[in-house]
Amino acid sequence: DSQPWTSDETVVAGGTVVLKCQVKDHEDSSLQWSNPAQQTLYFGEKRALRDNRIQLVKSTPHELSISISNVALADEGEYTCSIFTMPVRTAKSLITVLGIPQKPIITGYKSSLREKDTTTLHCQSSGSKPAAQLTWRKGEQELHVGEPTRIQEDSNGKTFTVSSSVTFQVTREDDGADITCSVNHESLNGADRSTSQRIEVLYTPIAKIRPDPPHPREGQKLSLHCEGRGNPVPQQYLWEKEGSVPPLKMTQENALIFPFLNKSDSGTYGCTAISNLGSYKTYYTLNVNDPSPVPSSTSTYHAIIGGIVAFIVFLLLILFIFIGHYLIRHKGTYLTHEAKGSDDAPDADTAIINAEGGQSGGDDKKEYFI
């Protein structure tokens with residue numbers, strides 16, 4: 001079989017593509033590669049076109065492979081492998097060149113948006129082939145676009161410019177958020193190609209009061225911190241106590257300090273955080289608890305000593321009980337041995353005589369003293 005065969009190839013612009021042509025029965029003829037303009041590139045192992053980007057990879061009677069480096073969009077087209085038998089047989093290889101999209105550009109942002117404003121941002125990327133797709137996200141959240149990506153052919157007639165717009169309402173949580181436009185295209189092989197625009201949102205302040213310590217007691221030092229947040233940040237703090245006139249103080253510091261708490265400090269305190277865009281008032285109810293009982297070091301020392309003494313007394317009591325039990329047991333044994341000779345006497349006089357005789361007899365009684 002002298003019919004050659006090849007395969008279609010896809011390459012990213014700037015990359016390298018290999019064209020391989022194979023044949024089983026070459027019939028003593030050489031293989032040849034030619035470009036879409038029908039210019040011969042290689043005939044067997046001989047270079048025909050003076051283009052240093054085109055190099056010989058392999059040349060045998062059954063195969064002719066060449067490579068084209070730094071591929072340009074102009075290299076796209078149908079390449080022909082021929083074998084000069086009778087008749088001449090050919091095979092086609094279509095090279096598709098992917099145009100890499102440029103980094104997207106975001107326009108339409110105006111600085112210092114106000115809370116609840118609606119804004120529209122535009123994104124554009126050129127040079128993709130085929131046309132790329134654009135997506136939007138705010139932080140990690142995807143932004144849904146109502147209309148599809150717009151496509152326009154570039155002046156070279158090969159690549160495309162794509163554009164997209166997104167419209168959304170901003171909130172205070174969007175202050176400092178990154179709005180990102182990403183271009184998706186097969187030439188990128190999953191690599192990220194995106195542009196981000198950080199937005200600033202102006203909003204009225206909010207605040208809360210944080211006590212330090214959290215559970216204040218009489219006699220302690222207490223600091224009430226009015227933690228304000230806003231853009232711009234609060235510049236002043238107005239402190240007041242319900243039922244008290246006039247207000248306690250107006251200050252740039254956010255803390256109200258009680259050096260030494262007492263019961264009369266109990267009540268509801270209000271803090272107003274003030275910025276150029278407005279103000280916000282928050283409240284805190286202070287209940288002064290009784291002072292904590294502080295254990296005396298002398299009392300603690302006496303308690304430790306008392307415990308030790310009680311333990312020693314307990315040990316002595318156990319020892320005395322053991323010794324008393326031991327003495328009582330051995331005293332009974334002594335009395336029993338001493339009176340053993342009078343056990344069988346019919347009367348007291350005989351018992352005395354027997355006892356005295358027993359003491360002088362061969363069975364001497366021994367006394368044990370402990």
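Numbers for residues simply follow the sequence, beginning at 1. As a basis for the values below, the full set of heavy atoms in this structure was taken, side chains included, without hydrogen atoms, waters or symmetry mates.
At most 12 heavy atoms of other shown residues, nucleotides or ligands fall within 6.0 angstrom of atom CD1 in Ile105. Around NZ of Lys263, the count of heavy atoms belonging to other residues, nucleotides or ligands within 6.0 Å exceeds 12. No more than 12 heavy-atom neighbours from other residues, nucleotides or ligands sit within 6.0 angstrom of NZ on Lys24. Heavy atoms from other residues, nucleotides or ligands lying under 6.0 Å from CD of Gln38 number more than 12. Atom CD of Glu45 has 12 or fewer heavy atoms from other residues, nucleotides or ligands within 6.0 Å. Within 6.0 Å of CD in Gln152 there are 12 or fewer heavy atoms belonging to other residues, nucleotides or ligands. By the 6.0 Å contact criterion, CZ on Arg114 is open, its count of non-hydrogen atoms from other residues, nucleotides or ligands being 12 or less.
Between Lys281 and Glu240 there is a salt bridge, with a side-chain nitrogen of the basic residue lying less than 4.0 Å from a carboxylate oxygen of the acidic one. Ion pair Arg137/Asp178 not flagged as a salt bridge, since none of the NZ, NE, NH1 or NH2 atoms sits closer than 4.0 Å to an Asp/Glu carboxylate oxygen. A salt bridge does not link Asp265 to Lys241: none of the charged nitrogens lies less than 4.0 Å from a carboxylate oxygen. With respect to Asp174 and Lys138, a salt bridge is recorded, a charged nitrogen being found less than 4.0 Å from a carboxylate O.
For the side-chain contact (heavy atoms from CB on, under 4.5 Å) test, residues two or more places apart in sequence or in another chain that qualify with Lys208 are Glu227. Residues passing the side-chain contact (heavy atoms from CB on, under 4.5 Å) test with Thr119, sequence neighbours excluded: Leu113, Leu121, Phe168, Val170. Applying the side-chain contact (heavy atoms from CB on, under 4.5 Å) rule to Lys116 yields the partners Gln169; only residues at least two apart in sequence or on another chain are considered.
Rounding to the nearest 0.5 Å places CG of Asn287 at 12.0 Å from CZ of Arg217. Taking OG1 from Thr149 and CG from Leu134, the interatomic distance works out to 4.5 Å, rounded to the nearest 0.5 Å. With rounding to the nearest 0.5 Å, the separation of CG in Leu256 from CG in Asn254 is 10.5 Å. With rounding to the nearest 0.5 Å, the separation of CG in Leu31 from SG in Cys21 is 5.0 Å. How far CG of Asn52 is from CG of Asn70: 12.0 Å, rounded to the nearest 0.5 Å. The CG atom of Leu224 sits 6.5 Å away from atom OH of Tyr284, with the distance rounded to the nearest 0.5 Å.
In terms of modelled atom types and a separation under 3.5 Å, the side chain of Ser65 and the main chain of Val57 share no donor-acceptor contact. A side-chain donor-acceptor contact under 3.5 Å links Arg47 to the backbone of Asp51. No donor-acceptor distance shorter than 3.5 angstrom exists from the side chain of Asn231 to the backbone of Tyr203, with no hydrogens or angles considered. In this structure a side-chain-to-backbone donor-acceptor pair under 3.5 Å is present from Trp33 to Leu64. Remark: side-chain polar atoms of Ser266 are paired, donor with acceptor, to backbone N or O of Val288 under 3.5 angstrom. Put simply, the side chain of Thr40 never gets that close to the backbone of Tyr42: no donor and acceptor are under 3.5 Å apart. A donor-acceptor contact shorter than 3.5 Å is absent between the side chain of Thr195 and the backbone of Ile106. At least one donor-acceptor pair closer than 3.5 Å links the side chain of Arg193 to the backbone N or O of Pro101. In this structure, the side chain of Glu76 engages the main chain of Val97 through a donor-acceptor pair within 3.5 Å. Listed for the Asp154 side chain is no donor-acceptor partner under 3.5 Å among the backbone atoms of Gly157.
Contact check for Pro216 versus Leu261: side-chain heavy atoms found under the 4.5 Å cut-off. The side-chain heavy atoms of Leu202 and Leu277, taken from C-beta on, include a pair separated by under 4.5 Å. Within the 4.5 Å cutoff, no side-chain heavy atoms of Ser69 are placed close to those of Gln55. The shortest distance between side-chain heavy atoms of Ser182 and Asp192 falls below 4.5 Å. Side-chain atoms of Ser275 and Gln235, non-hydrogen and from C-beta on, never get closer than 4.5 Å to each other. The closest side-chain heavy-atom distance from Cys226 to Trp239 is below 4.5 Å. Within the 4.5 Å cutoff, side-chain heavy atoms of Arg89 are placed close to those of Ser2. The closest side-chain heavy-atom distance from Tyr79 to Asp8 is not below 4.5 Å.
Linking Ile, Leu, Val, Met, Phe, Trp and Tyr whenever their side-chain heavy atoms come within less than 4.5 Å puts Val162 and Ile100 in one cluster. In the hydrophobic clustering of ILVMFWY residues, with side-chain heavy atoms under 4.5 Å counting as a link, Val201 and Tyr280 come out apart. Residues Leu188 and Val12 share a hydrophobic cluster, clusters being chains of Ile/Leu/Val/Met/Phe/Trp/Tyr side chains in contact below 4.5 Å. Following chains of ILVMFWY side-chain contacts shorter than 4.5 Å, one cannot reach Phe43 starting from Val23, and the two form parts of different hydrophobic clusters. When the side chains of ILVMFWY residues are joined at heavy-atom separations under 4.5 Å, either directly or via intervening members, Leu49 and Ile68 end up in a single hydrophobic cluster.
When the options Tyr237, Tyr283, Phe258 are evaluated for a ring-ring contact (aromatic ring centres under 6.0 Å, His included) with Tyr269, the one that passes is Phe258. For the side chain to side chain contact (heavy atoms under 4.5 Å, CB included) with Lys129, the qualifying choice from Leu73, Leu98, Asn156 is Leu73, the only one to do so.
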Practice task
Go through the steps to decide whether Arg53 and Ser67 satisfy the test side-chain hydrogen bond (donor to acceptor under 3.5 Å, both in side chains), and finish with yes or no.
Solution key: CA-CA 8 Å; Arg53 299 181 305 132; Ser67 66; over 6 Å; no
Practice task
Using the side-chain hydrogen bond (donor to acceptor under 3.5 Å, both in side chains) rule, take Thr180 and Ser196 through it: C-alpha gap first, then chi angles, then the decisive distance, then the call.
Solution key: CA-CA 4 Å; Thr180 303; Ser196 295; 2.7 Å; yes
Practice task
Begin with the C-alpha distance, continue with both residues' side-chain angles, and end with the deciding distance and a verdict on side-chain hydrogen bond (donor to acceptor under 3.5 Å, both in side chains) for Glu173 and Thr171.
Solution key: CA-CA 5 Å; Glu173 286 75 20; Thr171 66; 3.2 Å; yes
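In this model, no donor atom of one side chain and acceptor atom of the other lie less than 3.5 Å apart for Ser93 and Thr6. Residues Ser164 and Arg150 bring no donor and acceptor atom of their side chains to less than 3.5 Å of each other. For the residue pair His62 and Thr60, no side-chain donor N or O sits within less than 3.5 Å of a side-chain acceptor on the partner.
Evaluation of the ring pair (Phe, Tyr, Trp, His ring centres under 6.0 Å) test over residues 109-150, restricted to residues two or more places apart or in two chains, returns none. Listed by first then second residue, pairs satisfying side-chain hydrogen bond (donor to acceptor under 3.5 Å, both in side chains) with a partner in residues 10-22 read Trp5-Gln22, not counting sequence neighbours. Counting only residues at least two apart or in different chains, side-chain hydrogen bond (donor to acceptor under 3.5 Å, both in side chains) contacts with residues 96-107 are absent.
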